[in-house]
Amino acid sequence: MTDPLGDRELATEAFELVAQAVKPYLDTLSDALVHDTRAETLLAELDGTLPDAGDGTLAAVDRLVRVGTGTATRSSGPRFFHFVVGGATPAAQAGDWLATLLDQNSGLWLSSPLATHVETVALRWLKDLFGLPEGHGGVLTPSATFANLTALACARWWWADRHGVDVTADGLTGLPRMPVLSSGYVHASSRKALQVLGLGRDAVETFARDDTGAADLAAMERRLAELDAPAVLIANAGEVNAGDFDPIDRMADLAESYRAWLHVDGAFGLFAATSPRTAPLVRGVERADSVIADGHKWLNVPYESGFAFVRDPRILGRAFGGWNAPYLPEPDEVRVNYNNLGPESSRRARALPIWATLRAYGRQGHRAMVERHLDLAHHLGELVEDSPGFELLAPVRLCVVCFRYRPAGLSDVDTDLLNQRLGDAIVADGRVFVGTTRYRGVTALRPAIVNWLTTEADIDLLFAVTKELGERLAAQLPAFHKGS
Ligand SMILES: *Cc1c(COP(=O)(O)O)cnc(C)c1O
């Protein structure tokens, strides 16, 4: 068994092996353990040396399906609350399969008018969903990290241009350090983007008025006045520990007064715009020079999916049209070459699942999902507040609930230790999945609720498991002192 050509008749059967796994797998999403550490022994079946003669299509795919469905973390299900992880709606998942079947290269119009056209439509629909101006340029990216990279590369192009330098052609040599100002909410991926762009992750100066990281706008303004030079502001829509927002509208005022570039990282928080209940949190986002979000979080599209929007659409082409023929798309351009507008060259047709989910559920469906999650987050917040021994650490603003278990009479040190062990115990238990963070100097749990399948029963289970394991660990507290 060597040349895949000999197996061409088996393509349908190979797909069917996957298709047959769909129902049994999806059926387990809502009630099987989210992660079963005992299943990890199965992983050995994927190990071994590179086969000389291969197993053939069906044997290889069968093994992968069996081990995959047996060991996968059910992070696309309703009980995974760690990080900010969405699932995949039925339409999005089918759209993604179609992207695999069609195997388009969506880098160039020439290689796939289909993928290019669908990307243009999906980007337009997303702008509409979030209330962003139609004239914004945009591009799909693999993630919010790549989207931050894309947007900050545009900011860098603009900034260098104001110094009279074409950074695309000439690089950073001779330029001063690019000033980047943000609140304490700035996400690690913005720093990573700056690091990759040669600007340095420590270029970010943060202005926080307290230990939550909330923006100190007066200090930010003083710094802008003192700099008296082009600068970049990063506003954070949805901080990962407690879901708080920087005041985008007021940062847009600052950007206007000091002629700075305003970038908004709205990886999940941009979805606040889909409901009138939370839209005020992102007021002013339409004034930003660049805005990004993730598809694989609150849009519930499979990995990998993100998007970046830029007010001046020509800048995307200037920052990324690196093919000795800088491509300057017009706003009404149809034959777009998206590989000139972002960091990738060849790229998958990741617009298909986005198109499918937006077409299937529309503005109302996405609003309903977001509002269900808002309700669930408030429900969890109430459970925490109404339960002695639990402490809500931040108001519930969106989809993240930041709290800890704090039985009466425990010292700060023991409380931290207890919550750390509680996070580990919840993951090991497997019924739900949630991890810890450090918030205002203490160890906290911070479930994020963004999965399309999550209902009140899942939230009640999350709280019940947390309480049960917390009480058990608290009873063992003297014992783990000896062990630590
Ligand atoms: C998740 C997240 C990112 C990074 O997103 P990836 O999709 O993991 O690259 C960036 N910013 C914020 C605020 C996030 O929550």
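The model shown is predicted, which means the values in this text are computed figures rather than measured ones. Counting starts at 1 for both ligands and their atoms, in listed order.
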For [X], is the nearest heavy atom under 4.0 Å from an atom of ligand 1?
X: Gly306; answer: no
X: His296; answer: yes
X: Val240; answer: yes
X: Lys297; answer: yes

Task: Taking atom 9 (O) of ligand 1 as the reference point, the nearest protein heavy atom with its distance - done: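 The closest one turns out to be Thr145 OG1, 2.5 Å.
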TODO: Name the closest protein heavy atom to atom 10 (C) of ligand 1, giving the residue it belongs to and the distance to 0.1 Å.
DONE: Ser189 OG, 3.0 Å
Open item on the list: In terms of relative ring orientation, are His82 and Phe80 parallel, tilted or perpendicular, with 30° and 60° separating the classes?
Closed with: tilted
Open item on the list: Angle between ring planes, Trp298 versus Phe271, binned at 30° and 60°: parallel, tilted or perpendicular?
Closed with: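 Tilted: the ring planes of Trp298 and Phe271 meet at 30° to 60°.
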Would you call [X] and [Y] a salt bridge, using N to O less than 4.0 angstrom?
X: Arg223; Y: Asp216; value: no
X: Glu226; Y: Arg222; value: no
X: Asp202; Y: Arg177; value: no

Open item on the list: Under 4.0 Å, heavy-atom basis, I'd like to know which part of Phe83 is in contact with ligand 1: side chain, backbone, both or neither.
Closed with: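 Within the 4.0 Å criterion, Phe83 makes no contact with ligand 1.
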Open item on the list: Counting only heavy atoms closer than 4.0 Å, does ligand 1 sit against the backbone of Asp294, its side chain, both, or neither?
Closed with: side chain
Where ligand 1 meets [X] - atom numbers and elements under 4.0 angstrom, heavy-atom basis:
X: Ala267; value: 2 (C), 3 (C), 10 (C), 11 (N), 12 (C), 13 (C), 14 (C), 15 (O)
X: Ser143; value: 6 (P), 7 (O), 9 (O)
X: Gly238; value: 13 (C)
X: Phe268; value: 15 (O)

Open item on the list: Atom CZ of residue position Arg259 - does it have more than 12 heavy atoms of other residues, nucleotides or ligands inside 6.0 Å?
Closed with: no
Open item on the list: Tell me whether the count of non-hydrogen atoms from other residues, nucleotides or ligands lying under 6.0 Å of CZ in Arg250 goes above 12.
Closed with: no
Task: Minimal non-hydrogen separation, Ala267 against Ala144, with atom names - done: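 Scanning both residues completely, I find the closest heavy atoms to be CB-CB, 3.8 Å.
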- [ ] Decide if the gap between the ring center of Phe390 and the ring center of Phe463 is smaller than 6.0 angstrom.
- [x] yes
Open item on the list: For ligand 1, which is the ligand I care about here, please tell me if Asp265 has any N or O atom under 3.5 Å from one of the ligand's N or O atoms.
Closed with: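 Yes, since at least one N or O of Asp265 sits under 3.5 Å from an N or O of ligand 1.
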Open item on the list: So, regarding Ala144 and ligand 1 (criterion: nitrogen or oxygen to nitrogen or oxygen, under 3.5 Å), is there a contact or not?
Closed with: yes
